[in-house]
Amino acid sequence: MSLIEWDDSLSVGFEYLDMQHQRWIVIMNDLVDAVKQDEEATSIGNIVTELSRYTITHFNTEEQLMESYGFPLFDEHVLEHDEIKQTISRIKFQYDQGETVDAIELMIFLKQWLANHFLQTDKLLGSYLAEHQE
């Protein structure tokens with residue numbers, strides 16, 4: 001079972017960001033599969049680590065593009081990034097410390113946050129980048 005299935009409604013209209021979003025969804029769906037199969041905490045922790053790393057990579061990409069293209073909502077967008085980075089970092093820290101983390105709660109949070117971020121904030125960014133692309 002997948003947490004989120006990629007379809008055209010999630011596209012932000014800028015191919016490079018769409019490819020990164022698709023990769024992010026794969027990682028999140030790996031987490032769903034690991035929880036459903038009741039895999040060891042180590043496996044789930046590895047996926048959370050990968051999610052954390054990829055989040056930073058993706059957000060760095062978006063922020064570089066926003067800066068390069070002079071995106072007018074840069075500060076607001078970065079605040080949203082900071083929120084998700086802090087949440088994922090906290091969860092990763094909990095796993096690293098051997099604490100129990102509610103993976104179901106994490107998945108629900110990620111699904112809601114990403115659906116809102118993709119469908120609102122990143123759609124604005126994608127449209128802006130597509131319009132200002134050379």
Side-chain angles (χ1 to χ4, degrees):
M1 180 183 150
S2 296
L3 182 66
I4 296 178
E5 292 289 335
W6 179 266
D7 63 36
D8 288 342
S9 71
L10 294 174
S11 173
V12 299
F14 195 78
E15 185 176 0
Y16 189 66
L17 294 182
D18 284 343
M19 290 181 347
Q20 286 195 344
H21 287 166
Q22 289 170 19
R23 175 67 188 132
W24 210 358
I25 288 171
V26 167
I27 297 167
M28 289 180 3
N29 287 334
D30 287 347
L31 178 62
V32 172
D33 291 341
V35 170
K36 280 191 70 171
Q37 295 171 16
D38 199 23
E39 292 185 15
E40 294 180 17
T42 303
S43 296
I44 293 171
N46 289 339
I47 295 169
V48 169
T49 297
E50 183 179 2
L51 181 65
S52 177
R53 285 184 191 140
Y54 200 74
T55 297
I56 292 167
T57 298
H58 172 64
F59 286 168
N60 286 342
T61 298
E62 278 193 2
E63 290 169 15
Q64 288 170 356
L65 285 168
M66 287 188 288
E67 195 167 47
S68 294
Y69 283 77
F71 185 60
L73 300 174
F74 178 85
D75 291 336
E76 294 89 342
H77 201 119
V78 170
L79 285 175
E80 286 188 34
H81 287 176
D82 290 345
E83 176 187 320
I84 191 72
K85 285 191 289 189
Q86 289 173 3
T87 300
I88 292 174
S89 291
R90 179 183 47 81
I91 291 165
K92 182 182 176 318
F93 179 78
Q94 288 175 311
Y95 269 111
D96 291 347
Q97 297 301 310
E99 296 177 29
T100 302
V101 175
D102 187 341
I104 302 297
E105 185 178 321
L106 171 61
M107 291 183 294
I108 291 168
F109 169 78
L110 289 172
K111 182 177 181 178
Q112 290 172 345
W113 191 89
L114 290 176
N116 290 334
H117 191 75
F118 282 1
L119 295 175
Q120 295 173 17
T121 307
D122 282 350
K123 287 249 186 201
L124 290 172
L125 173 60
S127 294
Y128 181 87
L129 294 175
E131 288 173 17
H132 293 86
Q133 198 171 13
E134 296 178 8

For F93, what residues pass the side-chain contact (heavy atoms from CB on, under 4.5 Å) criterion, not counting sequence neighbours?
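If we apply the side-chain contact (heavy atoms from CB on, under 4.5 Å) test to F93, skipping adjacent residues, the hits are Q97.
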
With sequence neighbours excluded, tell me which residues meet salt bridge (Lys or Arg N to Asp or Glu O under 4.0 Å) with R23.
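With sequence neighbours excluded, R23 shows a salt bridge (Lys or Arg N to Asp or Glu O under 4.0 Å) to E50, given in chain and number order.
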
Any side-chain heavy atom of [X] within less than 4.5 Å of one from [Y]?
| X | Y | result |
| --- | --- | --- |
| F71 | L65 | no |
| I84 | F109 | yes |
| I25 | L10 | yes |

About how many Å separate [atom2] of [Y] and [atom1] of [X], when rounded to the nearest 0.5 Å?
| X | Y | atom1 | atom2 | value |
| --- | --- | --- | --- | --- |
| S43 | D30 | OG | CG | 11.0 Å |
| W6 | M19 | CH2 | CE | 11.0 Å |
| I47 | D33 | CD1 | CG | 8.0 Å |
| I91 | I44 | CD1 | CD1 | 12.5 Å |
| N60 | T55 | CG | OG1 | 10.5 Å |
| L73 | L125 | CG | CG | 9.0 Å |

Hydrophobic cluster membership, with links at side-chain heavy-atom distances under 4.5 Å among I/L/V/M/F/W/Y: are V35 and I108 in one?
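As far as the 4.5 Å side-chain criterion goes, I108 and V35 are connected within one cluster.
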
Please say whether more than 12 non-hydrogen atoms of neighbouring residues, nucleotides or ligands are located less than 6.0 Å from NZ in K123.
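Yes, because the 6.0 Å sphere around NZ of K123 holds more than 12 heavy atoms from other groups.
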
Does the gap between the ring centers of H77 and H117 come in under 6.0 Å?
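Ring centroids of H77 and H117 are less than 6.0 Å from each other.
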
Determine yes or no for a side-chain-to-main-chain donor-acceptor pair under 3.5 angstrom, with [X] supplying the side chain and [Y] the backbone.
| X | Y | value |
| --- | --- | --- |
| D18 | V12 | yes |
| S52 | V48 | no |
| H132 | Y128 | yes |
| S11 | D7 | no |
| Y16 | T61 | no |

If I compare all heavy atoms of [X] with all of [Y], which pair ends up nearest, and what's the gap?
| X | Y | result |
| --- | --- | --- |
| S9 | L119 | O-CD2, 3.2 Å |
| L110 | M28 | CB-SD, 4.0 Å |
| M66 | F74 | CB-CD1, 3.5 Å |
| G13 | A130 | O-CB, 3.7 Å |

What residue pairs, at least two apart or across chains, pass ring pair (Phe, Tyr, Trp, His ring centres under 6.0 Å) with a residue in residues 22-44?
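Qualifying pairs: W24-H58, W24-F59.
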
Would you mind listing every salt bridge (charged side-chain N to carboxylate O under 4.0 Å, His left out) that reaches into residues 58-74, with sequence neighbours excluded?
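Listed by first then second residue: nothing to list.
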
Sequence neighbours left out, what pairs pass salt bridge (charged side-chain N to carboxylate O under 4.0 Å, His left out) with at least one residue falling in residues 76-97?
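For residues 76-97, and leaving out neighbouring residues, the salt bridge (charged side-chain N to carboxylate O under 4.0 Å, His left out) pairs sorted by first residue read D82-K85, K92-D96.
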
side-chain hydrogen bond (donor to acceptor under 3.5 Å, both in side chains) partners of E15, counting only residues at least two apart:
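If we apply the side-chain hydrogen bond (donor to acceptor under 3.5 Å, both in side chains) test to E15, skipping adjacent residues, there are no hits.
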
